[in-house]
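Written out below as structure tokens is the structure these notes cover.
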Amino acid sequence: MILPRSFYSGDSREVARNLLGQILVRESSEGRTAGVIVETEAYLGKLDDAAHSYKGRTHRVRALFGEKGAAYIYLIYGMYYCLNVSSGPAGEPECVLIRALEPVEGIDLMAHRRGKEKLRDLCSGPGKLCQALQIDKSLYGVDVTQKGPLHIVSGAAPEKIEATPRIGIDYAIYTKDEPWRFIIAGNPFVSGAKKKPSL
DNA sequence: ATGCAGATCGTCT
DNA sequence: GACGATCTGCATC
């Protein structure tokens with residue numbers, strides 16, 4: 001079942017937690033790829049100086065100002081895309097960054113697009129998963145609450161969730177230490193996961 | 001195992 | 001004109 005628009009309208013930190021365990025599905029001409037969401041981050045708009053929408057409405061973040069459940073996709077470092085879903089209270093330009101997936105479908109296709117073999121290397125980061133699922137600017141603004149090229153369906157609730165500070169936002173003066181990154185505890189497919197637990 | 005430089009371009013000042 | 005919500009490969013310890 002596709003998650004309804006109401007799923008995305010609560011506090012974005014709650015939405016980010018609740019997205020863990022759900023399944024991101026990408027339908028393309030090459031085939032279907034999908035994975036369990038295992039890592040997310042919440043970005044809170046005007047309260048959050050780490051957020052792209054902190055300074056208000058610009059062309060880049062226009063997708064955050066419409067209906068919730070819209071794909072907000074941007075190019076980072078000139079070479080990688082990152083996928084977010086708009087969320088939060090009506091009128092607030094908030095979103096959840098999808099940071100990692102556990103691959104479940106179309107694994108051969110993902111491996112081909114990534115040029116990597118190991119399962120752990122396919123979707124363990126925001127840029128990686130966009131490459132594996134062929135997510136780019138052509139999907140900007142797509143409604144993930146509708147059947148289509150990109151949508152999110154319900155999966156199993158994770159057993160345990162962990163919260164940590166967000167990655168790569170040290171420039172944020174006010175919110176860099178807020179624990180708004182969420183992962184499924186112990187899941188090996190999160191970004192930065194190690195092969196073996198360091199003992 | 002850890003660290004660092006380079007790639008590369010859209011977006012905003 | 002400067003700078004990323006990143007990833008990779010190569011260097012070093």
Side-chain angles (χ1 to χ4, degrees), chain A residues 8 11-13 15-17 19-20 24 35 37-65 68 70-88 92-103 110-141 144 150 162-183 188-199:
Chain A
Y8 301 95
D11 184 302
S12 291
R13 289 159 293 199
V15 177
R17 294 183 84 97
L19 273 171
L20 296 176
L24 178 67
I37 298 170
V38 299
E39 176 177 352
T40 59
E41 284 178 1
Y43 285 87
L44 267 52
K46 57 188 170 193
L47 300 174
D48 180 6
D49 58 334
H52 290 164
S53 53
Y54 178 61
K55 292 173 184 163
R57 183 170 188 153
T58 63
H59 185 254
R60 180 170 63 157
V61 297
R62 65 193 182 282
L64 301 181
F65 287 81
K68 302 307 176 182
Y72 164 49
I73 297 163
Y74 65 92
L75 181 68
I76 186 66
Y77 297 109
M79 26 173 52
Y80 298 101
Y81 290 98
C82 291
L83 170 69
N84 302 251
V85 179
S86 69
S87 61
E92 300 299 323
E94 305 183 0
C95 62
V96 174
L97 171 66
I98 310 296
R99 283 192 58 89
L101 306 176
E102 176 171 343
M110 291 185 192
H112 176 253
R113 296 203 277 226
R114 286 275 302 134
K116 303 276 182 186
E117 291 300 322
K118 284 178 293 191
L119 207 53
R120 184 185 280 101
D121 292 335
L122 300 182
C123 301
S124 56
K128 297 179 190 177
L129 73 91
C130 283
Q131 194 176 18
L133 304 208
Q134 198 174 69
I135 292 167
D136 57 37
K137 268 265 177 88
S138 69
L139 297 175
Y140 190 92
V144 304
L150 190 65
E162 232 169 84
T164 80
R166 295 168 294 176
I167 306 296
I169 54 146
D170 285 348
Y171 59 83
I173 297 168
Y174 304 111
T175 59
K176 69 170 185 285
D177 296 323
E178 296 288 350
W180 296 342
R181 168 177 178 254
F182 304 96
I183 63 176
F189 297 94
V190 302
S191 69
K194 315 239 171 193
K195 219 164 207 175
K196 296 181 178 171
S198 38
L199 296 175

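Chain identifiers are assigned alphabetically (A, B, ...) following the order of the sequence lines, protein sequences preceding nucleic acid strands; residue numbering begins at 1 within each chain.
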Under 3.5 Å donor-acceptor, [X] side chain and [Y] backbone:
X	Y	value
A:Glu41	A:Ile167	yes
A:Arg166	A:Thr175	yes
A:Ser12	A:Glu94	no
A:Arg113	A:Ala132	yes
A:Arg114	A:Gln131	no

- Message: Quick check for you: to the nearest 0.5 Å, what is the distance between A:Arg60 atom CZ and A:Tyr140 atom OH?
- Response: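 Separation between the atoms: 9.0 Å.
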- Distance in Å, A:Leu101 CG paired with A:Ile37 CD1, rounded so as to fall on 0.5 Å steps: 6.5 Å
- Message: Wobble G-U and Watson-Crick pairs count when both distances are under 3.5 Å; given that, what is the 5' to 3' dot-bracket string of DNA chain B, with | for pairing to other strands?
- Response: |||||||.||||.
- Query: Roughly how many Å is it from OH in A:Tyr171 to P in B:dC12, rounded to a whole number?
  - Reply: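 Checked: the OH to P distance equals 13 Å.
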- Whole-Å gap separating P (B:dC12) and OH (A:Tyr77):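 Atom-to-atom, A:Tyr77 to B:dC12, this comes out as 16 Å.
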What does [X] touch in the nucleic acid at a heavy-atom separation under 4.0 angstrom: a base, only the sugar-phosphate, or nothing?
X	answer
A:Arg181	nothing
A:Gly78	base
A:Lys137	sugar-phosphate
A:Arg166	nothing
A:Ile76	sugar-phosphate

- Message: Using a strict threshold of under 4.0 Å (side-chain N to carboxylate O), is an ion pair present between A:Arg13 and A:Asp48?
- Response: no
- Verify the contact: side-chain N or O of A:Thr58 to OP1 or OP2 of B:dT11, cut-off strictly under 4.0 Å; return yes or no.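 Negative; the distance criterion is not met.
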Under 3.5 Å, sequence neighbours excluded: what are the donor-acceptor pairs made by side chains of residues 70-84 of chain A?
residue: A:Tyr72; atom: OH; partner: A:His52; partner atom: ND1; Å: 2.7
residue: A:Asn84; atom: ND2; partner: A:Tyr72; partner atom: O; Å: 3.2

- Using a heavy-atom cut-off of 4.0 Å to chain A, what are the terminal contacting nucleotides of DNA chain C, in 5' to 3' order?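 The footprint of chain A covers C:dG4 to C:dG9.
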